[in-house]
Asker: 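Sending over a structure as structure tokens; questions will come in a sec.
In this text, all values refer to a predicted model and were calculated from it rather than measured experimentally. All residue numbers in this chain count up from 1 along the given sequence.
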Amino acid sequence: MSVGKIEKLHPAEFGVIKEALFRVWNESGRGVDSEAYYTVHLELSFTRFIWDSFWKTGLKIGDGKGMSGDVALPSIHDDHLDTAFRKIWGEYLKTYAT
């Protein structure tokens, strides 16, 4: 998988987001089955799964200019975040799937 804008330009912030998402999925008790719970049991989309997962991290995204947050990501929009979340889910599966 290619490197997204956040991972390339903001590797430390990418790491913070990755660590927080891994924690959410591990603490859910569902781990690698988290996506299936959302998409099959709850009948929600994969996009909804990854964005809800991010919301559960409690992280706030700042713009590095005037809007504060746990991570500052200037010039980043939702498509960049979506790409990062998808990449992180893939890494999670590679790490924890048997």
Side-chain angles (χ1 to χ4, degrees):
M1 181 176 258
S2 64
V3 176
K5 186 171 183 176
I6 295 174
E7 187 178 11
K8 182 167 62 171
L9 299 179
H10 307 283
E13 288 80 359
F14 181 85
V16 169
I17 295 168
K18 178 179 173 178
E19 182 180 310
L21 284 169
F22 272 38
R23 185 184 70 250
V24 164
W25 295 323
N26 285 333
E27 290 176 356
S28 74
R30 292 187 182 90
V32 296
D33 295 325
S34 298
E35 176 190 358
Y37 175 76
Y38 257 74
T39 58
V40 176
H41 181 71
L42 297 179
E43 299 180 358
L44 298 170
S45 70
F46 177 73
T47 300
R48 173 76 185 265
F49 160 67
I50 57 175
W51 281 92
D52 281 1
S53 296
F54 176 71
W55 180 82
K56 289 176 185 175
T57 68
L59 289 176
K60 304 292 184 244
I61 304 281
D63 64 6
K65 298 173 185 170
M67 193 165 92
S68 62
D70 302 304
V71 291
L73 296 170
S75 305
I76 296 297
H77 55 73
D78 288 353
D79 289 340
H80 298 129
L81 289 168
D82 194 77
T83 299
F85 299 160
R86 290 171 187 273
K87 169 106 186 217
I88 292 167
W89 176 246
E91 291 180 11
Y92 183 82
L93 291 177
K94 286 179 185 174
T95 302
Y96 292 102
T98 55

Asker: Kindly write out the residues that satisfy ring pair (Phe, Tyr, Trp, His ring centres under 6.0 Å) with Phe54, not counting sequence neighbours, or none if the list is empty.
Answerer: Phe85
Asker: Check Ile6 against Ala84 and note the closest heavy-atom contact, atom names and distance.
Answerer: CD1-CB, 4.0 Å
Asker: Taking all heavy atoms of Gly31 and all of Ser28, pick out the closest pair and write down the distance.
Answerer: N-OG, 3.5 Å
Asker: Nearest 0.5 angstrom please: Phe14 CZ to Ile88 CD1, how far?
Answerer: 4.0 Å
Asker: Tell me the closest heavy-atom pair linking Ala20 and Leu59, and the distance in Å.
Answerer: CB-CD1, 3.7 Å
Asker: Can you list the residues that meet the salt bridge (Lys or Arg N to Asp or Glu O under 4.0 Å) rule with Asp82, with sequence neighbours excluded?
Answerer: Arg86
Asker: Under the side-chain hydrogen bond (donor to acceptor under 3.5 Å, both in side chains) test, which residues partner Asn26, sequence neighbours left out?
Answerer: Tyr92, Tyr96
Asker: For Asp78, what residues pass the side-chain contact (heavy atoms from CB on, under 4.5 Å) criterion, not counting sequence neighbours?
Answerer: Trp51, Leu81
Asker: Does the side-chain contact (heavy atoms from CB on, under 4.5 Å) test come out yes or no for Ile76 and Ile61, once each step is laid out?
Answerer: CA-CA 10 Å; Ile76 296 297; Ile61 304 281; 6.0 Å; no
Asker: At what distance, to the nearest 0.5 angstrom, does NZ of Lys8 lie from NE2 of His80?
Answerer: 10.0 Å
Asker: Please output the side-chain donor-acceptor pairs of residues 37-44 that fall under 3.5 Å, not counting sequence neighbours, one pair per line with the distance.
Answerer:
unit_1	atom_1	unit_2	atom_2	d
Tyr38	OH	Asp52	OD2	3.0
Thr39	OG1	Glu35	O	3.0

Asker: Give the ring-plane orientation class for Trp89 versus Phe49, where under 30° counts as parallel, over 60° as perpendicular and anything between as tilted.
Answerer: perpendicular
Asker: What distance do Trp25 atom CH2 and Thr57 atom OG1 have between them, rounded to the nearest 0.5 Å?
Answerer: 10.0 Å
Asker: Not counting sequence neighbours, list each pair that qualifies as a side-chain hydrogen bond (donor to acceptor under 3.5 Å, both in side chains) and has a residue in residues 9-18.
Answerer: Lys18-Glu91
Asker: For the OG atom of Ser34 and the CD1 atom of Ile50, what is their distance to the nearest 0.5 Å?
Answerer: 13.0 Å
